[in-house]
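Shown next, in structure tokens, is the structure this report addresses.
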Amino acid sequence: MAPLQYDDAVSFLKKCKSKEGGSVFDNLTKVLAKALEDRPEGALNLLETSLMATPTETKPSSGLTPVQAAADAARRVATANLFSNGVTVDPETGETVEPEPPADFECDDIVADSYLFDALGVGLGRQEMYTVMLAAKKLGGNADRGVQTVRFFGKFFGTTACYYVFECTVNEPPELPEAPEGATPNESGTGANNYTYYVCNYLGGPFTMLPAVTPGEIKAARAVRKFLTGKLDAPVSTYPLFLGTEAAYLRCQITRIACATVCCPAGSFVADEDSGELSRNEEWEGVRDRESGVPSAWAHRYPHLKAQGRCELYKRDAPDGEEDTFVWPEEETEVGPAPLAALDADTPLHDGAPAWSGLSSSTNPGVRHQVGGVRSNLWPGAYCAVKGKHFSNLYAGWGLKHEPYRPAPPPPLAAEFDAASLVEQNELPPPPPPPEAAEDDE
């Protein structure tokens, strides 16, 4: 090769740059230096392998973290903190700071509940339920909230985020204003507002107490059908109009589902003949294996939610002088089911299917120590499970009722203006006063 050709060739090899910045000449120099230094027997094979190897592409980091990735990382850290012992270190002194002792509260055995639902093949799974237990511990252990009891109600799915719902009794429940004159009175601390509900979008995240519910909101929620978004402050854009944010709508759906699906095994509670209040039956011996896998073995635990949006019927007084002739509206004369009514007495669905279906942990009747339960067909996602004396309720769904959707008709059209009522005036209006006369009057 002529000197000029050799220089041109070397210059060409040095100009050929790779994506990583190195040239062909540099890579050949490194390979040949490696072969001369090690002097392997298969030097030719080493040369071919090195030249055919394709380096992995590396993209330079922009140094910016996407917002969604940062939010997901924060949620994972918050969930992981549930598994810590709460001990922190003072950054100034380096000494260990012991956490404040948790407040006393009562809570269902959520871990044991997870085994029941897992045996039936429903629910959230034992791993997620264990994290739910830690979140319930965090909720009840906060003395500022004044929580007395905690029960995991369930999980509501949303289009952008989910809701984990916890049913609590608190020292200071949310207050309700007085209902407008002529409206159905609110239930404060009883009936539909017997419990206070806390929600969070992810386990380990901040808890938000939902507002108390009113009869008007219950009736409005029954007239609409909408997916949840996962944002409590989101407007509920529906027709008919629902006044309030998604927090109020979620609270309505929780009340409707609770009154229709929270159940107990028949015989586990007894109702007072006068007040109708429930108390545990100390003589109840539990259920046997597959006996609980039928709706007749279960009873409604929460009171019936009536058409007027209350659990306790409100009936107004008749006007003076009309005691014998006054006719009350139908919703003020509704007769609901008796306390602890059996599930098999529920009204079938629109397609003729039963309101409840039985569940069992095994289809083999010879298997001992089975878990039994029922599932709601009216509110898909509501389950009840029992084994012996231990029973539990759980909801995991979209918060929608299984019924045909009948959109409300649009409002009536406004009446046309009566053009015949327009009469043209024959007389002209008086002329304005001259400018000088107007100044004299002033």
Side-chain angles (χ1 to χ4, degrees), residues 107-133 151-157 165 167 257-270 278 280-302 337 339-403:
C107 182
D108 292 348
D109 193 343
I110 299 177
V111 175
D113 295 345
S114 67
Y115 283 90
L116 296 182
F117 295 113
D118 189 66
L120 296 177
V122 298
L124 304 181
R126 285 183 286 179
Q127 180 177 0
E128 187 172 5
M129 288 290 282
Y130 187 87
T131 313
V132 168
M133 179 271 295
R151 183 181 79 87
F152 179 57
F153 184 87
K155 182 178 181 179
F156 285 74
F157 304 129
V165 182
E167 184 182 83
I257 295 172
C259 292
T261 64
V262 174
C263 308
C264 61
S268 59
F269 284 83
V270 292
L278 304 184
R280 289 190 175 271
N281 184 8
E282 301 298 338
E283 299 179 358
W284 181 59
E285 298 180 354
V287 294
R288 299 179 181 177
D289 295 344
R290 298 174 61 88
E291 293 181 359
S292 60
V294 291
S296 59
W298 293 81
H300 286 282
R301 182 178 172 185
Y302 285 5
L340 298 176
L343 299 190
D344 56 352
D346 288 4
T347 304
L349 304 186
H350 62 280
D351 55 0
W356 295 86
S357 299
L359 297 172
S360 61
S361 58
S362 176
T363 57
N364 188 351
V367 177
R368 301 177 60 186
H369 308 295
Q370 290 195 34
V371 178
V374 289
R375 68 191 307 163
S376 175
N377 298 322
L378 183 62
W379 289 97
Y383 308 102
C384 310
V386 64
K387 184 178 184 298
K389 289 188 175 183
H390 182 200
F391 65 92
S392 180
N393 296 265
L394 178 69
Y395 178 80
W398 291 92
L400 297 177
K401 192 176 183 179
H402 178 55
E403 61 182 358

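Worth knowing before you read on, the calculation uses all heavy atoms, side chains too, and leaves out hydrogens, waters and symmetry mates. Predicted, not measured: the structure shown is a model, and the values here were computed from it.
- Listed for the W356 side chain is no donor-acceptor partner under 3.5 Å among the backbone atoms of D344.
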Between D351 and H402, does a side chain to side chain contact (heavy atoms under 4.5 Å, CB included) hold up when you go through it step by step? CA-CA 10 Å; D351 55 0; H402 178 55; 4.2 Å; yes
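- Within the 4.5 Å cutoff, the side chain of K401 has heavy atoms near those of the L378 side chain.
- R126 CZ to S114 OG: the interatomic distance, rounded to the nearest 0.5 Å, is 7.0 Å.
- Between P265 and S268, the shortest heavy-atom distance links the atoms O-OG, 2.7 Å.
- Y302 is not listed as a side-chain neighbour of N393, based on a closest heavy-atom distance of 4.5 Å or more.
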For L394 and D113, what are the C-alpha separation, side-chain angles and deciding distance, and is it a side chain to side chain contact (heavy atoms under 4.5 Å, CB included)? CA-CA 9 Å; L394 178 69; D113 295 345; over 6 Å; no
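- In this structure, W284 and F391 have perpendicular ring planes: the angle between them is above 60°, well past the 30° mark.
- Atom CD of residue E285 and atom NZ of residue K389 lie 7.0 Å apart, to the nearest 0.5 angstrom.
- Among all heavy-atom pairs drawn from H390 and A112, the shortest one is CE1-CB, 3.3 Å.
- Atom NE2 of residue H369 and atom NZ of residue K387 lie 6.5 Å apart, to the nearest 0.5 angstrom.
- Environment of OH in Y115: sparse, with no more than 12 heavy atoms of neighbouring residues, nucleotides or ligands closer than 6.0 Å.
- Shortest non-hydrogen contact noted between R151 and D108 is CG-OD2, 3.2 Å.
- The minimum heavy-atom distance linking S362 with V367 is given by the pair OG-CG2, 3.6 Å.
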Carefully, step by step, assess M129 and V111 under the rule side chain to side chain contact (heavy atoms under 4.5 Å, CB included). CA-CA 6 Å; M129 288 290 282; V111 175; over 6 Å; no
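- Between Y395 and F156, the two ring planes are tilted [angle within 30° to 60°].
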Between L343 and C263, is the side chain to side chain contact (heavy atoms under 4.5 Å, CB included) condition met? List the steps. CA-CA 8 Å; L343 299 190; C263 308; 3.6 Å; yes
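- Put simply, the residue from L116, V122, L120 that forms a side-chain contact (heavy atoms from CB on, under 4.5 Å) with Y383 is V122.
- Proximity of C264 to L340: side-chain heavy atoms (C-beta onward) are separated by under 4.5 Å at one or more points.
- Within 6.0 Å of CZ in R375 there are 12 or fewer heavy atoms belonging to other residues, nucleotides or ligands.
- One N or O on the side chain of N281 and one on the backbone of G267 form a donor-acceptor pair closer than 3.5 Å.
- The 12-atom threshold is not exceeded at OH of Y130, counting heavy atoms of other residues, nucleotides or ligands nearer than 6.0 Å.
- Heavy atoms only, all atoms of each residue included: A119 and V371 are closest at CB-CG2, 3.9 Å.
- For the residue pair V374 and S292, the shortest heavy atom distance occurs at CG1-O, 4.3 Å.
- In this structure the side chain of S392 reaches within 4.5 angstrom of the side chain of F117, judged on heavy atoms.
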